J.: 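Next up is a structure, given as structure tokens.
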Amino acid sequence: MDKNFYITTPIYYPSAKPHMGHAYSSIIADFFARFKKIDDYEVHFLTGTDEHGLKIQRSAEQQGQDPQKFCDKISQTFRDLSKKLNLSNTDFIRTTEERHKNTVQYLWKELEKNDDIYLSNYSGWYSVSDEAFYNEDEIEEVDGKKMAINSKSPVEWIEEESYFFRLSKWEKPLLNHYESNPNFISPDSRKNEVISFVKNGLKDLSVSRKTFTWGIPVPNNKDHVIYVWLDALTNYLSALNYPNTNDELYNKFWPASVHLIGKDILRFHAIYWPAFLLAAKIELPKKVYGHGWILSGDEKMSKSKGNILDPLEIIKEYGLDPLRYYLIKEVSFGNDGNISQDRLEDCINGDLANNYGNYCQRVTAFAIKNCDGKIPNKIEFQKDDLQILDKYKNNLDNIRLKIDDQNLNFYIDFIVKSLFEANKYFNDQEPWKKKDDPLRLNTIVYTSLEIIRKISYLLYPIIPNSSLKALKIFSLSESDIKLKSIINNESLSKGSNINKIEILFKKIEKKND
Ligand code: MSP
């Protein structure tokens, strides 16, 4: 079985500082990367910044800065954010790096060699904000201004000499690929959008620009720079040292397991990218998953709309793990989601402080006091104990399947239910009334401690720091976390010390309480 897993985030435009939407994509990708890691996969997790194109050139000009210096500065804020979000990424790519430029120019030459690129003239609508070309039927006029209907961003008319990619030639092969690989585009609702777009007919795609210079030059024609999306998408390959196909990274990790993206950039990933790859005779990624948007009010959060929530401010106020937990739980994965401080506070108080934090606290305090501070030695499971412990074993394969299906909702529901049942078990068993039956008391304590371990393993991909804090109870560290060991009901080493646990989550006094 293939035990390598390659996941990517979109590479972000360093046109302004990062916002919650960017943090969302990255946190979700980190969840999958960490899950696969503890399930014994070798994981390559790529994120980075997309630095060329007119959008970036204009943003730099507005600030009177050289584009490279401008990108250096803002790309660093994305790198800093990846640290702040505790991402486990194994690489961070910038499209202004040499390794990337070489790959893009190589790919261009391959496309040209295969007669998939030709020189002609482009005239049509272009949105600098989306870096996208639009057909007439994708444009509307609002207050005398032409806008792209989907993204609501302004478009401008451009007419210039341009190289074209023969996208039309790949219409049928793409449709065949979608049909024979039903999981290639997920979720299903997005797949249908893409298929109907392709079925409506694909026009050849303009893949170079001549009227600005901030980009990778077209090989053998320095008057043109390569279209920023052809440049950007190639990052997924350049990070694996393509075209060096003997390279270890390329061999292990291509084709990518999943490109995780927002639904706004599905067309580029589910149509253009596979078409470029087909044309260059490179294997296609296994899956493109388009998640929904984080909304602010009813609108997509974005710089141009001025409705941005700053992840750093939220982290400063509430901490990182609460934000990670909240985004993974409350935004139903695949759909759009509104986020609110009120709901975030409810999550912290309910799920995290009461159900998880308090359970860990109560069980360890009781165990330290009543079992000499040591994991009980002699135990004898009864039906009630095995019923709650075996649930993990019985669900492990299903959890894996659901995660391969990106069904985060199932995963988080399983955890929330498990926490509820754990608290109920401890309450119902009333170990404080079993002081004259040490075997029973010890067994209840052992069972409750095992549950802390199992749930903390499952929580690790969501809230890594807090999970690791909880696992210190058993002196377990990151490298000990193995998903497969949640099936083991007697993994805690009997007789070893139980360590005190620090408070995991502080309850928030709600302003409107
Ligand atoms: N540079 C391109 C992507 C190139 S990938 C080869 C780009 N960059 S971006 O900075 O605009 O970021 C896009 C991604 O950020 C979206 O696809 C999405 O994953 C995430 N988000 C940006 N705003 C978002 C929300 N409001 N909500 C959720 N995610 C969104 O497009």
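Residues take their numbers from the sequence shown, with the count starting at 1. Read the numbers this way: they start at 1 and go in the same order the structure lists the ligands and their atoms. Being a predicted model, the structure only gives us computed values, none of them experimental.
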J.: Hey, what's the ring geometry for F5 with Y41, parallel, tilted or perpendicular (30° and 60° as the breaks)?
T.: perpendicular
J.: Find all atoms of ligand 1 within a distance of less than 4.0 Å from any non-hydrogen atom belonging to H291, and give their numbers and elements.
T.: 19 (O), 28 (C), 29 (N)
J.: Output yes when D336 and K263 qualify as a salt bridge under the 4.0 Å nitrogen-oxygen rule, no when they do not.
T.: yes
J.: Which option out of G21, P14, G337 puts a heavy atom nearest to atom 25 (C) of ligand 1?
T.: G21
J.: Tell me yes or no: between the side chains of W170 and D116, is some donor less than 3.5 Å from an acceptor?
T.: yes
J.: Answer side chain, backbone, both or neither: which part of F268 comes under 4.0 Å from ligand 1, heavy atoms only.
T.: neither
J.: Return a yes/no value for L233: is any of its N or O atoms, backbone included, closer than 3.5 angstrom to an N or O of ligand 1?
T.: no
J.: Mark up the atoms of ligand 1 that fall under 4.0 Å of a heavy atom belonging to I294, in ascending order.
T.: 25 (C), 26 (N), 27 (N), 28 (C)
J.: Geometry only, no angles: is Y24 polar-contacting ligand 1 at N/O separations under 3.5 Å?
T.: no
J.: Heavy-atom distances under 4.0 Å are what count here, so tell me which part of D264 touches ligand 1: side chain, backbone, both or neither.
T.: side chain
J.: So which bit of D50 gets within less than 4.0 Å of ligand 1, heavy atoms only: side chain, backbone, both or neither?
T.: side chain
J.: If the cut-off is 4.0 Å to any non-hydrogen atom of I265, which atoms of ligand 1 fall inside it?
T.: 3 (C), 17 (O), 31 (O)
J.: Determine whether the side chain, the backbone, both or neither of E131 has a heavy atom under 4.0 Å from any heavy atom of ligand 1.
T.: neither
J.: W273: heavy atom below 4.0 Å from ligand 1, yes or no?
T.: no
J.: Side-chain donor-acceptor pair under 3.5 Å between T47 and Y12, yes or no?
T.: no
J.: Taking the non-hydrogen atoms of G292, is any one of them nearer than 4.0 angstrom to ligand 1?
T.: yes
J.: Would you mind checking if K109 and E112 are paired as a salt bridge, meaning a charged N to carboxylate O distance below 4.0 Å?
T.: no
J.: Would you please classify the geometry between the F333 ring and the Y289 ring as parallel, tilted or perpendicular, with 30° and 60° separating the classes?
T.: parallel
J.: Going by the atom numbers of ligand 1, which of them fall below 4.0 Å from some non-hydrogen atom of S25?
T.: 18 (C), 19 (O), 20 (C)
J.: When you compare the side chains of E131 and Y227, does any donor N or O come within less than 3.5 Å of an acceptor on the partner?
T.: no
J.: Side chain or backbone of K263 under 4.0 Å from ligand 1, or both, or neither, by non-hydrogen atoms?
T.: neither
J.: Could you see which bit of H19 sits under 4.0 Å from ligand 1, with heavy atoms only: side chain, backbone, both or neither?
T.: side chain
J.: Judged by modelled atom types alone, do Q341 and E345 share a side-chain donor-acceptor pair under 3.5 Å?
T.: no
J.: For R94, is there an ion pair with D72 - N to carboxylate O distance below 4.0 angstrom?
T.: yes
J.: Look at the aromatic rings of Y163 and W108 and report parallel, tilted or perpendicular, splitting at 30° and 60°.
T.: perpendicular
